[in-house]
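Everything on this sheet refers to the single structure shown next.
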Amino acid sequence: MSEQCTESCSSCAEDCAERKEGKPDFSAKLHEKSSVKKVIGIVSGKGGVGKSLVTSLLAVTMRRRGYQAAILDADITGPSIPKAFGIKEKARGGESGLLPAKSRTGIDIMSINLLLEKDTDPVIWRGPVIAGVVKQFWTDVIWEDVDFMFIDMPPGTGDVPLTVFQSIPMDGIIVVTSPQELVSMIVTKAVKMAEVMTIPVLGLVENMSYFKCPDNGKEYQIFGDSHIEEIAAEHNLKILAKLPIEPKIAAACDQGTIELFEGNWFDPAAEVLEKMEGKKNA
Ligand SMILES: Nc1ncnc2c1ncn2[C@@H]1O[C@H](COP(=O)(O)OP(=O)(O)OP(=O)(O)O)[C@@H](O)[C@H]1O
């Protein structure tokens, strides 16, 4: 070891026996009063494909199955989760940390909109500040006895999602696509990113897959033919759900009543999640 050793291996050029092997660890520590068993990141290639909606419906499905579910809204510049759940009150904080808001059915939610004075205030921050806020949602919020935390990830693979992936230990990611997207490219990118991050891809959700006509019961592929089956097979991935275009869902998001949705589209996804086990550090 060099006599000038500062124990900061990342800035040292010496070839030394004390060098700590492996990748640098950027992980952030969960609040000491928190307990989170499983963390699932919900990602999409671009905005507007329904990532927030899928995050919300996954949390609602797991809550209905008797689990304590939570949503960490990491989509800081487009936070739509509190609106979908009709949450108007602000987050409360004490000396030891911030408390998430509770939805009607008991889902814990933290979002930047719970901290801004007005939810119409835009977030005009640079990437590192945004990533810092997401990290604080992990380190400074008291997440009590959470079985499944769903993270509504910022879209894309830029600086902010990268920092979030490095800071928060995720157990799996779910990729949301829609039929009109360049699905093959997006899924390939997500799979490669997950490999780099060593996080398993739990499966794919195709949103806006079809529209079921209420008059004749026929299904129409409004956005063209779906290629999700071939792509899932190519990457050896599961299709967790195919969600139709459903005006009632859009209305529920607008009215803050997403917890009242009727439909069992996410049962296969719930079964995959239920098979996961383990507990994160408290
Ligand atoms: N299957 C669907 N049926 C009806 N409306 C839908 C469906 N999926 C999404 N929507 C509506 O589309 C809008 C965008 O959805 P959402 O906010 O979930 O997208 P997003 O991918 O999270 O977008 P962003 O990344 O820009 O926040 C919402 O108003 C939602 O109600």
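We count ligands from 1, going down the list as the structure has it; atoms in each ligand are counted the same way.
The protein heavy atom nearest to atom 19 (O) of ligand 1 is Gly50 N, 3.1 Å. Among all protein heavy atoms, the one lying closest to atom 5 (N) of ligand 1 is Ala250 CB, 3.5 Å. When only non-hydrogen protein atoms are considered, atom 23 (O) of ligand 1 lies nearest to Gly48 N, 2.9 Å. Of the protein's non-hydrogen atoms, Leu53 N, 2.8 Å is the one closest to atom 18 (O) of ligand 1. Protein heavy atom nearest atom 30 (C) of ligand 1, with residue, atom name and distance: Cys253 SG, 4.3 Å. The single protein non-hydrogen atom nearest to atom 4 (C) of ligand 1 is Glu246 O, 3.2 Å, given as residue, atom name and distance. Residue, atom and distance of the protein heavy atom nearest to atom 27 (O) of ligand 1 are Asp75 OD2, 3.2 Å.
On a distance-only criterion, Pro247 and ligand 1 share no N/O pair closer than 3.5 Å. Close N/O approach between Val49 and ligand 1 is found [any backbone or side-chain N/O within under 3.5 Å]. Between Pro244 and ligand 1, at least one N/O pair is under 3.5 Å apart. Distances between N or O atoms of Asp254 and those of ligand 1 include no value under 3.5 Å. For ligand 1, the polar-atom distance check against Asp152 finds no nitrogen or oxygen pair separated by under 3.5 Å.
Summarising the geometry, atom CG belonging to Asp73 is positioned 6.5 Å from atom OG belonging to Ser80; distances are rounded to the nearest 0.5 Å. Here the CG-CE distance, from Asp147 to Met149, works out to 11.5 Å after rounding to the nearest 0.5 Å. If you take CG on Asp140 and CG on Leu30, they are separated by 10.5 Å, rounding to the nearest 0.5 Å.
Contact annotation for atom 15 (O) of ligand 1: protein present (non-hydrogen atoms, distance under 4.0 Å). For atom 2 (C) of ligand 1, the nearest protein heavy atom lies under 4.0 Å away. Distance check on atom 11 (C) of ligand 1: every protein heavy atom falls at or beyond the 4.0 Å cut-off. For atom 7 (C) of ligand 1, the nearest protein heavy atom is under 4.0 Å away.
Ala84 does not count as a contact of ligand 1, since none of its heavy atoms falls under 4.0 Å from the ligand.
Contact annotation for Ser80 and ligand 1: only side-chain heavy atoms (C-beta onward) come within less than 4.0 Å of the ligand. With a 4.0 Å heavy-atom cut-off, ligand 1 is reached by no atom of Val54. Under 4.0 Å from ligand 1, heavy atoms of Ser52 appear from its side chain as well as its backbone.
Residue Met193 is grouped with residue Ile168 when hydrophobic side chains (ILVMFWY) are merged at heavy-atom distances under 4.5 angstrom, including chains of intermediate members. Taken together through direct or relayed side-chain contacts under 4.5 Å among Ile, Leu, Val, Met, Phe, Trp and Tyr, Phe148 and Ile142 form parts of separate hydrophobic clusters.
Those atoms of ligand 1 that come under 4.0 Å of a heavy atom in Ile245, given as number and element, are 1 (N), 3 (N). Taking a cut-off of under 4.0 Å to the non-hydrogen atoms of Asn207, the atoms of ligand 1 that pass are 1 (N), 2 (C), 7 (C), 8 (N), 9 (C).
By the 6.0 Å and 45° rule, Arg64 stacks over the aromatic ring of Phe261.
Panel note: side chain Asn207, backbone Val49; a donor-acceptor pair is recorded below 3.5 Å. Listed for the Lys90 side chain is a donor-acceptor partner under 3.5 Å among the backbone atoms of Asn113. Between the side chain of Arg65 and the backbone N or O of Ala270, no donor-acceptor pair lies under 3.5 Å. A donor-acceptor contact shorter than 3.5 Å links the side chain of Lys51 to the backbone of Met153. No donor-acceptor pair closer than 3.5 Å links the side chain of Lys33 to the backbone N or O of Glu144.
Annotation for Glu262: atom CD does not count as buried by contact number, only 12 or fewer foreign heavy atoms lying within 6.0 Å.
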Audit row: Glu229, Lys242, salt bridge (Lys or Arg N to Asp or Glu O under 4.0 Å) steps and yes/no: CA-CA 11 Å; Glu229 316 275 352; Lys242 282 183 174 184; 2.7 Å; yes

